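A short write-up of the structure that comes next.
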Amino acid sequence: MSNERLNSLAHASSAYLRSAMHQPIRWHEWGEEAFAAAQRENKPMLLDIGAVWCHWCHVMDRESYDDPEVAQIVNQNFIAVKVDRDERPDIDSRYQAAVSAISGQGGWPLTAFLTPDGKPFYGGTYFPPDDQWGRPSFKRVLTSIATAYREKHADVTEQSNLVEQAISHAESFAGRSDRFSPRAIEAIVKSALGMFDAKNGGFGQAPKFPHPSVLDLIIEQYVRSGDAQLREVFVTTLEHMANGGVYDQLAGGFHRYSVDERWVVPHFEKMCYDNSELLKNYVHAYQVTGSEFFAGVARDIVRWMDEWLSDRERGGFYASQDADYSMDDDGDYFTWTVAETKAVLSSEEAEVAMLHYDINEIGEMHHNPAKNVLSVRASAEEISRRLNLAPEKVRDLLDSAKKKMYGARLKRPTPYVDKTVYVGWNGLCISAYLEAAKVLRLADARQFALRSLDRILAEAWRPAHGLLHVLAYSDPQAARREVWGLLDDYAFTAIACLDAYEATADLSYFKFACGIADCMIEKFFDPVSGGFFDTPADTRAGKTLGVLSSRRKPFQDSPTPAGNPVAAIALLRLHGYTDDSSYREKAELTLEVFAGMAEQYGVFGATYGIAAMHFMQAHTQVVVIGDGERASELLAAATAGFAFNKAVLQLAPNKAVAQNLPPALAATIPRLPGIGKHAVAVVCSGSTCQPPVDNSAELTDLLRITKQPAA
């Protein structure tokens, strides 16, 4: 296709925007040029927000934006702007709030109509090409909006002002709402228990999303209380998810969510952040239950991320894998017919695989009823009894069938992998890999996480200016764009640096954590009312276009952990290493901003609950000094249990000196008697340390004593 037929998105960096470069719509990127054109021509703006992994975004592209008739209506009556929600979550969050206020719904594709100065007055999500499902056709919507803008301009203006007010109230949190109280933790857990699906696991009904922060909070509360009901919640949920179709039974890794309450039929896109946070869940569940099933799922998530979402050469985690490989595909890459199964397996393998994965002549996919989503229906033991085969034989057949089916799947047309490297999401993945590496002894995962963090710190951290939001784009032909970091990028990266320090005892990672956290405070902290805004206080180009001048303090997990509680966690962990009271004071102010309404958010406030746990408990460092077999035993005892407020470090004897330690440890560790003679473990909290112990049983007892119950 000739360049004459490309629109301006040919110059974009984002994979989602570039996928629309051939459309007949005269698209603009978000920027001053688009707003100037709208004001010059006095035209309303059509704003499309989507993502490269979004199935319905691609459907609407094909049905409407590729249609010359739609293009003619749009080009004649609107200034069209396309935004990638992953590249610009600040734009997405504000217009999601607007469209939710208008229509009661949000999601992607987000379709919003704006005044020339960017104020939304109408919107929705997906609009079909023809009137159907109770939704008006997109052409009818476009024509009606264009007419209303011309003939009822005063009404449009009034509506836009009302919507702008709704945006300004969404997560604005003007000041301290209450004193901090641990009641919020109880309320969040109670809300989760009330929503718990005891039959299928998870929270609420269809569609069913994973809620990793809730699961981590429940796991931690179970460790502290021993409440069997809490154990049932996370064990049932994690088992059902891993056995369901929402989990990729062949390659590993989780799809984004399930359209049914049983976790069987997913939306097939896979996101790095869902898998990073679920990886932590399965690692923590293994720590507290000893279940090898959970450990196996965790290793499988790492296997999938290694293979599909990792830049093995340079370090860094890719953003996502698409659900589909074409517009005519709806999960076909991931699903199987009976004929496809039998074509790649022996008769024995096919017999056990079809029982195990519930593969039948009639499957679950509406567009192709013969297609089956793989989920675990029968265990090897059940199949053994049913077919009168030895369990070992069944397991061998299942292993070989799984390898053959995955090999055959790899030959199919493959859904697109968005190789964009987002800084904040990488922070989440790095932390998850380090957690898995520590507990499951995964040396390769540890090495890759550190290499990824080193790349971020070398290429995305500019001490004079701050963090970038995007480290690298997916398309090597794309223009290099500098998109500056948001609150999440700083908070997630600061925590990744602290995790790296704890994994390596390399003080440079601790210093990076301090520098990034200090920059986060400078750019995002509200010194008047407390809490963190999601966008920086400086006025870079494009920041105040549209409704971006509206300040938000993100509190809800949706779907990544919310920026404010994560920032508070970072500051509380830094306080534990520095004894710098200003870190704790800012964390407390942040928690108090949301204290009055935290209970109302239920499962979506779970990261706040985790931050509250960090605030209530002194940060505890378990420092193993020495090497050899005894040090390994002490390290294993130190990492065996799970607690939010516990950090584990290992130091060589010659490194247990003040100049190699953060301030709080520098004031205590070097002064302890017996350091350096043989391997010992020291438990420190605040500015005091317990006497060293030199055997794992003593250390286990000491950790049990120092664990404080939730207030």
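The model shown is predicted, which means the values in this text are computed figures rather than measured ones.
No side-chain heavy atom of Ser276 sits less than 4.5 Å from a side-chain heavy atom of Trp425. Side-chain contact between Val394 and Leu387 is absent, with no heavy atoms from C-beta onward closer than 4.5 Å. Contact of the Asp499 side chain with the Ile430 side chain is not registered, since no non-hydrogen atoms from C-beta on lie closer than 4.5 Å. Taking the side chain as every heavy atom from C-beta outward, Met305 and Tyr318 never approach each other to under 4.5 Å. Contact annotation: the side chain of Leu193 approaches that of Leu230 to within less than 4.5 Å [non-hydrogen atoms, C-beta and beyond]. The shortest distance between side-chain heavy atoms of Ser431 and Lys280 falls below 4.5 Å. Looking at Ser310 and Phe317, their side chains come closer than 4.5 Å, going by heavy atoms from C-beta outward. A 4.5 Å side-chain heavy-atom check between Val423 and Thr493 finds at least one atom pair inside the cut-off.
The environment of Lys342 atom NZ is sparse: at most 12 non-hydrogen atoms of other residues, nucleotides or ligands sit within 6.0 angstrom. Taking a 6.0 Å sphere around CZ of Arg441, one finds it holds more than 12 heavy atoms contributed by other residues, nucleotides or ligands. Residue Glu313 qualifies as open at atom CD: its count of foreign heavy atoms under 6.0 Å is 12 or below. More than 12 heavy atoms of other residues, nucleotides or ligands lie within 6.0 Å of CZ in Arg62, so this atom counts as buried by the packing criterion. Annotation for Phe604: atom CZ does not count as buried by contact number, only 12 or fewer foreign heavy atoms lying within 6.0 Å.
The ring of Phe555 has its center closer than 6.0 angstrom to the ring center of Tyr601.
For the atom pair CG of Asn368 and NE2 of His366, the computed distance is 12.0 Å after rounding to the nearest 0.5 Å.
Applying the side-chain hydrogen bond (donor to acceptor under 3.5 Å, both in side chains) criterion to Asp332, with sequence neighbours excluded, gives His367. Scanning for ring pair (Phe, Tyr, Trp, His ring centres under 6.0 Å) contacts around Phe492 gives an empty result, with sequence neighbours left out. Remark: Trp304 engages no residue in a side-chain hydrogen bond (donor to acceptor under 3.5 Å, both in side chains) (not counting sequence neighbours). In terms of the side-chain hydrogen bond (donor to acceptor under 3.5 Å, both in side chains) criterion, Arg451 has no residue partners (sequence neighbours excluded). Residues satisfying the ring pair (Phe, Tyr, Trp, His ring centres under 6.0 Å) criterion with His284, sequence neighbours excluded, are Phe642. By the side chain to side chain contact (heavy atoms under 4.5 Å, CB included) test, Ala500 is found to be paired with Leu434, Leu450, Leu453, Tyr509, residues two or more places apart in sequence or in another chain being considered. For Ala228, there are no side chain to side chain contact (heavy atoms under 4.5 Å, CB included) partners at least two apart in sequence or on another chain. Not counting sequence neighbours, the partners of Val439 by the side chain to side chain contact (heavy atoms under 4.5 Å, CB included) test are Val283, Tyr286, Gln287. For Glu261, there are no side-chain hydrogen bond (donor to acceptor under 3.5 Å, both in side chains) partners two or more places apart in sequence or in a different chain.
Residues in residues 204-219 take part in these salt bridge (charged side-chain N to carboxylate O under 4.0 Å, His left out) pairs, two or more places apart or across chains: Asp197-Lys208. Pairs of residues two or more places apart, or lying in two chains, that qualify as salt bridge (charged side-chain N to carboxylate O under 4.0 Å, His left out) and include a residue from residues 411-428 are Glu340-Arg412.
Between the side chain of Ser452 and the backbone N or O of Phe448 there is at least one donor-acceptor pair closer than 3.5 Å. When atom types are taken as modelled, the side chain of Asp227 and the backbone of Tyr222 share no donor-acceptor pair closer than 3.5 angstrom. A donor-acceptor contact shorter than 3.5 Å is absent between the side chain of Trp108 and the backbone of Cys57. Here the side chain of Glu502 pairs no donor or acceptor atom with the backbone of Ala647 at under 3.5 angstrom. In this structure, the side chain of Asn645 does not engage the main chain of His614 through any donor-acceptor pair within 3.5 Å. Formation of a donor-acceptor pair under 3.5 Å by the Arg18 side chain with backbone atoms of Ala12 is found in this model. Side chain of Asn275 to backbone of Met271: a donor-acceptor contact under 3.5 angstrom is found. One N or O on the side chain of Arg446 and one on the backbone of Ala503 form a donor-acceptor pair closer than 3.5 Å. At least one donor-acceptor pair under 3.5 Å links the side chain of Arg455 to the backbone N or O of Gly315. A donor-acceptor pair is defined here as one N or O able to donate and one able to accept, closer than 3.5 Å; such a pair exists between the side chain of Ser384 and the backbone of Leu389.
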Would you tabulate the side-chain donor-acceptor contacts of residues 350-359 under 3.5 Å, counting partners in other chains and residues two or more places apart, or write 'none'?
from	atom 1	to	atom 2	distance (Å)
His356	ND1	Ala378	O	2.7
Asp358	OD1	Asn360	ND2	3.0
Asp358	OD1	Arg377	NH1	3.3
Asp358	OD2	Arg377	NH1	3.2

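Side-chain contact, His469 with Asp489: a donor N or O sits under 3.5 Å from an acceptor N or O. In the model, Tyr473 has a side-chain atom that pairs as donor or acceptor with a side-chain atom of Glu87 under 3.5 Å. Using a 3.5 Å distance cut-off with no hydrogens or angles, the side chains of Asp322 and Tyr333 do not pair a donor with an acceptor. If you check the side chains of Ser225 and Gln221, you find no donor sitting under 3.5 Å from an acceptor. Asp86 and Trp53 are linked by a side-chain donor-acceptor pair at a separation below 3.5 angstrom, with hydrogens and angles left out of the test. A donor atom on one side chain and an acceptor atom on the other are found under 3.5 Å apart for His55 and Asp324. Residues Asp61 and Tyr16 bring no donor and acceptor atom of their side chains to less than 3.5 Å of each other.
Taking every heavy atom of both residues into account, Glu277 and Pro212 meet most closely at CB-CB, 3.5 Å. Nearest heavy atoms, Ala638 versus Lys646: O-NZ, 2.6 Å. Of all heavy-atom pairs between His255 and Gly245, the closest is CD2-O, 3.4 Å. When all heavy atoms of Leu309 and Ala319 are compared, the pair lying nearest together is CD1-O, 4.4 Å. Taking each heavy atom of Gln249 and Lys402 in turn, the nearest pair found is O-CE, 3.0 Å. Between Thr237 and Gly202, the shortest heavy-atom distance links the atoms OG1-N, 2.8 Å.
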Checklist entry - So Tyr433 and Asp306, side chain to side chain donor-acceptor pair (under 3.5 Å) or not? Walk me through it. => result CA-CA 10 Å; Tyr433 260 48; Asp306 279 352; 2.7 Å; yes

Item to check | Chi angles and distances behind the side chain to side chain donor-acceptor pair (under 3.5 Å) call for Asp300, Tyr282 | outcome: CA-CA 11 Å; Asp300 235 18; Tyr282 281 92; over 6 Å; no

Item to check | Audit row: Arg385, Glu381, salt bridge (Lys or Arg N to Asp or Glu O under 4.0 Å) steps and yes/no | outcome: CA-CA 6 Å; Arg385 290 192 296 271; Glu381 290 71 26; over 6 Å; no

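Using a 30° and 60° split on the angle between ring planes, Phe254 and Tyr247 fall in the tilted class, from 30° to 60°.
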